[in-house]
Protein chains: 2
Amino acid sequence: MEKRVRLVDVARAAGVSQGTASNAFGKPHLVRQQVRDRIFAVAAELGYRGPHVMARMLRTGRAGALGVVFPDNLEYAFTDPVAIELLRGVGRECARQAVNMMIISAENQEQAISAVNNAAVDAFLVHCYSDNNDIISALRRRNLPLVGIDTDIRDAVASVVLDDYTGAAMAARHLLECGAGYFAILSLQANEAERFGPMDDKRRGAVSHRVVRERLAGYHAMLESGGVEVDDIVHIECDNLSEQASAQVRQLLIDHPKIDGILAMSDVIAIGALDAIKKAGKSVPGDIRVIGFDGIADGERTDPPLSTITQNSVEKGRLAAELALGEGDRRSRVLPTTLTVRGSTKA
Amino acid sequence: MEKRVRLVDVARAAGVSQGTASNAFGKPHLVRQQVRDRIFAVAAELGYRGPHVMARMLRTGRAGALGVVFPDNLEYAFTDPVAIELLRGVGRECARQAVNMMIISAENQEQAISAVNNAAVDAFLVHCYSDNNDIISALRRRNLPLVGIDTDIRDAVASVVLDDYTGAAMAARHLLECGAGYFAILSLQANEAERFGPMDDKRRGAVSHRVVRERLAGYHAMLESGGVEVDDIVHIECDNLSEQASAQVRQLLIDHPKIDGILAMSDVIAIGALDAIKKAGKSVPGDIRVIGFDGIADGERTDPPLSTITQNSVEKGRLAAELALGEGDRRSRVLPTTLTVRGSTKA
DNA sequence: TTGAAAGCGTTACCAC
DNA sequence: GTGGTAACGCTTTCAA
């Protein structure tokens, strides 16, 4: 392996200064055509591969990349349909701004921190649920623009969240209007401790994940205004995977046969619920009405199709990237949701 | 904004040399505990944020990231289920090796080239179908380890491809065994020109995408050995999206009502076909047998469930990443496929 | 337009 | 173990 050809070698061979050679590559308009051509010719002859990326970065201070962090879950980013839509949006904006997309990857918390510290990026996006987290601290320490998605991070440049409260309330109101009277809420993970299963009121008081807190509040407020006692609602904390959720719902149907309305905090969970209900020999929406949250494409093709609270995850990701990369005003945003009625709540 | 604190500032303030300060951060075991603590204390006091990532990169020559390029399609990577599985595998290996994952993003060919040139990475992975491509040239020019996925790139360090020929042949044999006699092949895009629709024999001769070429050959060889004339097979080039494919199949069923066996080069296309057949009032597998390719999760939940040729895309991605990052032997690999029989071919 | 020289902040090497 | 110092390869003043 021969030594790498450097810009200075090209400059010397072409009989120009290093500065001129640099301009020929980076700011061609500053160099006379004739000189430029000579430089390029010499460069080609010498086998110069163009400016060294890392050296340029050091000098300019720009990395040309946006870091994306999923601290809660490692393979989550490429498994959950909502996370994938988010990434699609981030990628779209990165492409628009000619910036690459650096996915921070790690097998554990400690490794994630060093992955954050080693990432050459101009800004960070972090998708997570709570902000008391060692990774968030590491991100703050980098002192780069930091945008939180689905969570409100203190000191972050901005955040992009959903109007989860209103969305949840719409879902609950819809189920009430469809005639449901006995409710179960299938919650996403409520805090760091992975403790899936029934959620007693003590655990409901210890919700650190913003999304869960808001949606729970929205469900409760609406159901209460509909005459339902919160203590009469069955709460289950579910893993956000259809299979797992399905198993949990199977047990739920045995333990609480009167349930006729299910509020799921994600479509993935709701799809698992549909499956369990079908296997239990009950009908949807006849015996039980089910409404999800997110509006993923798979929900259109279930049997029956899934009613849900639709959010625009692609736009959420795109907007977050725009805020992180942008110079402009960085107000945080709260995105709206809409009610999508399909067959799982109404015949 | 005050000036950034540098390692040399910390070293001076702590009364040690820059080298020792560097070691305290990068190779702690080389520095006495006592000295180390003093350095850290001073660093904290001065607000030193740790070694500058870009400077370290320039000095060490390591970027700590793997570049991933999807030249054919821009949002493709976050839309196609197979590409997502691939990314999951790549991410898994990156995490294992404590390397970040850089997705090269661009809106067009030209931008993609400069994105490749600006990426600070240690190796590249490229998923694509053919190798006569400006982006591939740009990748070669970077002179970094380059691994091709699903394609054989000249001069690449290695490549990871599927045994597409055998997989396709298995699919065709299965349909023959199920009693199909009149075949349609739903092909993936055959070359750079996006010209979806019927594929005449001239176009079948101009297939530059390796995957398509191999699968076509596999289908044809097996069908011919089953007594089917290649000219009697209907060929349609499909966009790899269920909706689009569905529309194309709807027309196919009108033009060729005798078709009773469909070979789709992807599950996504096959799912679109199932949909079109259902809407046309025909039954699967009674009237028409359908077999896909890939083995994506969605295929398990269609009605009827989709028979397919299963590949392990996650492992394909992981292996490619391992080859790109690894020091070890870099022989190219050909991964196997298996026949998965479900309801779309057999009652 | 072009040239000269000053950093960018670090790590690796070699001497002590 | 520790200290000095020379790269790493570039872009960007500033002066000509």
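In what follows, chains are A, B, ... by sequence order, proteins preceding strands, each numbered from 1.
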### Task
Start with the C-alpha gap between B/Arg210 and B/Asp150, add the side-chain angles, then the distance that decides, and say whether salt bridge (Lys or Arg N to Asp or Glu O under 4.0 Å) holds.
CA-CA 8 Å; B/Arg210 184 195 150 280; B/Asp150 278 343; 5.3 Å; no
#### Entry: B/Leu319 vs B/Leu335 side-chain heavy atoms within contact, under 4.5 Å
yes
### Query
Between B/His52 (NE2) and C/dT11 (P), how many Å, whole number?
11 Å
### Query
Has A/Ser17 got a side-chain N or O lying under 4.0 Å from the OP1 or OP2 atom of C/dG3?
yes
### Message
Does B/Arg59 contact C/dA12 through a side-chain donor or acceptor facing the base, at a distance under 3.5 Å?
### Response
no
### Task
Compare the minimum distances between each of D/dT11, D/dT12, C/dT10 and the side chain of B/Gln18, then state the nucleotide with the smallest one.
C/dT10
### Query
Rounded to whole angstrom units, what separation is found between the CG atom of B/Leu7 and the P atom of D/dT5?
16 Å
### Message
Measure CZ/B/Arg12 against P/D/dT5 and give the value in whole Å, please.
### Response
12 Å
### Message
Measuring from the side chain of A/Val35 (C-beta onward, heavy atoms only), which nucleotide among D/dT2, C/dT10, C/dT2 has the closest atom?
### Response
C/dT2
## Note on the structure
Whole-Å distance, A/Met54 CE to D/dT11 P, equals 15 Å
### Message
Distance alone, cut at 3.5 Å: any donor-acceptor contact between the side chains of A/Asn117 and A/Arg141?
### Response
no
### Task
Whole angstrom is fine here: how far is it from CG in B/Leu58 over to P in C/dT10?
12 Å
## Note on the structure
Per atom distances to the A/Arg56 side chain, the nearest of D/dT11, C/dT10, C/dT11 is D/dT11
### Message
When you measure from the side-chain N and O atoms of A/Ser22 to the phosphate of D/dT11, is any distance below 4.0 Å, counting only OP1 and OP2?
### Response
yes
### Query
Between C/dT11, C/dT2, D/dG3, which nucleotide has the shortest distance from any of its atoms to the side chain of B/Thr60?
C/dT11
### Message
Can you identify which nucleotide, out of C/dT10, D/dG4, C/dT11, has its nearest atom closest to the B/Arg6 side chain?
### Response
C/dT10
### Task
Provide, to the nearest angstrom, the distance between the CZ atom belonging to B/Arg4 and the C1' atom belonging to C/dG9.
8 Å
### Message
For A/Gly26 and B/His29, find the nucleotide of DNA chain D closest to each by heavy atoms; which residue's nucleotide sits nearer the 5' end?
### Response
B/His29
#### Entry: salt bridge (Lys or Arg N to Asp or Glu O under 4.0 Å) evaluation trace for B/Glu107 with A/Arg96
CA-CA 7 Å; B/Glu107 285 187 316; A/Arg96 219 177 59 74; 5.9 Å; no
### Message
For a 4.5 angstrom cut-off between non-hydrogen side-chain atoms, does B/Phe78 reach B/Leu87?
### Response
yes
### Message
Any side-chain N or O of B/Lys27 below 4.0 angstrom from OP1/OP2 of C/dA12?
### Response
yes
### Message
From the set C/dG9, C/dT2, D/dT12, return the single nucleotide nearest to any side-chain atom of B/Ala55.
### Response
C/dG9
### Message
Under 4.0 Å, counting only non-hydrogen atoms across every strand here, what does A/Phe25 touch: a base, just sugar-phosphate, or nothing?
### Response
nothing
### Message
Starting the side chain at C-beta, find the nucleotide from D/dT2, C/dT2, C/dA12 nearest to B/Arg32.
### Response
D/dT2
#### Entry: Passing candidate, side-chain contact (heavy atoms from CB on, under 4.5 Å) with B/Phe124, options B/Val147, B/Ile104, B/Val68
B/Ile104
### Message
Can you measure A/Ile39 atom CD1 to D/dT11 atom P for me and round it to whole angstrom units?
### Response
12 Å
### Message
Which nucleotide wins on minimum distance to the side chain of B/Tyr48, given the candidates D/dC10, C/dT10, D/dT12?
### Response
C/dT10
### Task
Using atom CG of A/Leu30 as one end and atom C1' of D/dT13 as the other, report the distance to the nearest whole Å.
13 Å
